Amino acid sequence: MKRLLSTLSCLLLLTSFDVYAESTVDLYGGIANTDKANVTITRYYFIGTPDTFTDSINGSSGVLGVRFVHWLDEDDIRSLRQKNQDNDMQDYRFVGFSADLLGFKANGDNTDALTAAITLNVLFRYPHKTWQPYMGIGILFHTTKIDVSGESELGESTSGSDSGLGMDFQAGLRVSLSSRYALFTEYRYTFINFEQDTDTMFFGGDFLSTELQTHHYLVGISWSL
């Protein structure tokens, strides 16, 4: 994970000096389908051995998000003179980065999860004037809350919250409507490892853990800045 963070940081720094970059703001929504996974609940007591319970979590929910995208010039040093005289430099931009803010849920029979996340991705696209396929990969900073109801195997309610890093992958197609506006459709995959410990030395508590693998199917609108 440290190597991934270092690589992404270097890419962002190397590509942040392009004076010909194109920026957009994207608004999107859709469906988030979370793969079925087990939520493991380990209950510790002041005296005695701990008990372990499991409950499943999965399901679909809506997802909403907003994204800032910054596309970069691939060759601003080598062909700076030529591009100063080129009024149609959009065709040369194929690398960029993005920052997202999004939220989604996962709903099981007795266990629910709510996630708010910020993602940072490196993007690649085929820069056609009208339609642009693209893909991206990056890191995800999440805050997730899991609630287990009293109907679960545990027999009573418990909850936990966790914040940390995850992974994000996206692929989509952007279709221009005008010089300022475009529509896009996108598939996104997010991975979150959840671990939360409420155990205390004297009073016991619960340890919750699971992995949330979610498939997002999105549509949105993009504004060029």
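This is a predicted model, so every value here is computed, not measured. For this chain, numbers begin at 1 and follow the sequence in order.
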Side-chain touch Met167/Phe169, heavy atoms, less than 4.5 angstrom:
no

Determine whether the aromatic ring centres of residues Tyr126 and Trp131 are separated by less than 6.0 angstrom.
yes

Please answer whether the main-chain N or O of Asn110 pairs with a side-chain N or O of Ser149 as donor and acceptor at a distance below 3.5 Å.
yes

Taking C-beta and beyond as the side chain, do Ile41 and Phe207 meet within less than 4.5 Å on heavy atoms?
no

Salt bridge between Asp206 and Arg43, side-chain N to carboxylate O under 4.0 Å?
yes

Donor-acceptor contact present, side-chain Ser176 to main-chain Lys129, <3.5 Å
yes

Tyr217/Asn33 under side-chain contact (heavy atoms from CB on, under 4.5 Å): CA gap, chis, key distance, verdict
CA-CA 8 Å; Tyr217 305 95; Asn33 290 327; 3.5 Å; yes

Between Leu140 and Ala117, which heavy-atom pair has the shortest distance, and what is it?
CG-CB, 3.9 Å

Any side-chain heavy-atom pair from Ser23 and Val69 closer than 4.5 angstrom?
no

May I ask you to test the Asp168-Asn121 pair for a side-chain heavy-atom distance under 4.5 Å?
yes

If I take atom NZ from residue Lys36 and atom OG from residue Ser56, how far apart are they, to the nearest 0.5 angstrom?
4.5 Å

Taking all atoms of both residues into account, what is the closest heavy-atom pair of Leu120 and Ala99, and its distance?
CD2-CB, 3.7 Å

For residues Glu195 and Asn193, determine if any side-chain heavy atom of one lies less than 4.5 Å from a side-chain heavy atom of the other.
yes

Side-chain touch Glu211/Phe194, heavy atoms, less than 4.5 angstrom:
no

Taking the side chain as everything from C-beta on, heavy atoms only, tell me whether Thr190 gets closer than 4.5 Å to Leu212.
no

For residues Thr115 and His142, is any side-chain donor paired with an opposing acceptor at under 3.5 Å?
no

I would like to know whether Tyr28 and Val219 meet side-chain contact (heavy atoms from CB on, under 4.5 Å); could you show each step before the answer?
CA-CA 6 Å; Tyr28 57 85; Val219 293; over 6 Å; no

Taking the six-membered ring of Phe184, is NZ or CZ of Arg67 closer than 6.0 Å to its centre and within 45° of its axis?
yes

Does Arg180 pair with Glu22 as a salt bridge, N-O distance under 4.0 Å?
no

Stepwise side-chain hydrogen bond (donor to acceptor under 3.5 Å, both in side chains) check, Gln170 with Tyr134:
CA-CA 8 Å; Gln170 59 189 246; Tyr134 63 90; 5.4 Å; no

Are a donor atom and an acceptor atom from the side chains of Thr34 and Thr214 found within less than 3.5 Å of each other?
yes

Is a side-chain donor or acceptor of Ser159 paired with a backbone partner of Asp147 at a separation under 3.5 angstrom?
no

So do Val39 and Phe53 actually touch side chain to side chain, heavy atoms under 4.5 Å?
no

Cluster overlap Tyr187 with Phe191, hydrophobic side-chain contacts below 4.5 Å:
yes

What do you reckon, is CG of Leu183 surrounded by more than 12 foreign heavy atoms closer than 6.0 Å?
yes

Quick one, Phe124 with Phe94, criterion ring-ring contact (aromatic ring centres under 6.0 Å, His included). Give me CA distance, side-chain angles, the key distance, then yes/no.
CA-CA 6 Å; Phe124 306 92; Phe94 69 94; 7.5 Å; no

CG/Asp51 to OG1/Thr42 distance, rounded to the nearest 0.5 angstrom?
9.0 Å

Under 3.5 Å, is there a donor on one side chain and an acceptor on the other for Thr54 and Asn38?
no

Provide the closest heavy-atom pair for Ser222 versus Thr24 in the form atom of the first, atom of the second, distance.
OG-CB, 3.4 Å

Taking all atoms of both residues into account, what is the closest heavy-atom pair of Ser61 and Asn107, and its distance?
CB-ND2, 4.3 Å

May I ask you to check whether Tyr189 and His216 place their ring centres under 6.0 Å from each other?
no

Passes salt bridge (Lys or Arg N to Asp or Glu O under 4.0 Å), Arg188 versus Asp100? Steps please.
CA-CA 12 Å; Arg188 165 172 273 171; Asp100 289 67; 3.3 Å; yes

Ser224 OG to Trp71 CH2 distance, which is reported to the nearest 0.5 Å
11.5 Å

Shortest non-hydrogen contact from Leu208 to Gly160?
CD2-N, 4.2 Å

Which of these, Leu64, Thr119, Val66, sits in a side chain to side chain contact (heavy atoms under 4.5 Å, CB included) with Leu102?
Thr119

Nearest heavy-atom pair of Ile57 and Ala113: which atoms, and what distance?
CD1-CB, 3.5 Å

Is there a path of hydrophobic side-chain contacts, each under 4.5 Å between heavy atoms of I, L, V, M, F, W or Y residues, that connects Ile221 with Leu101?
yes

So if you build clusters from Ile, Leu, Val, Met, Phe, Trp, Tyr with side-chain heavy-atom gaps below 4.5 Å, do Trp223 and Leu177 land together?
yes

Would you say the side chains of Asp35 and Asn58 form a donor-acceptor pair under 3.5 Å?
no

Hey, are Thr144 and Asp162 close enough side-chain-wise for a donor-acceptor pair under 3.5 Å?
no

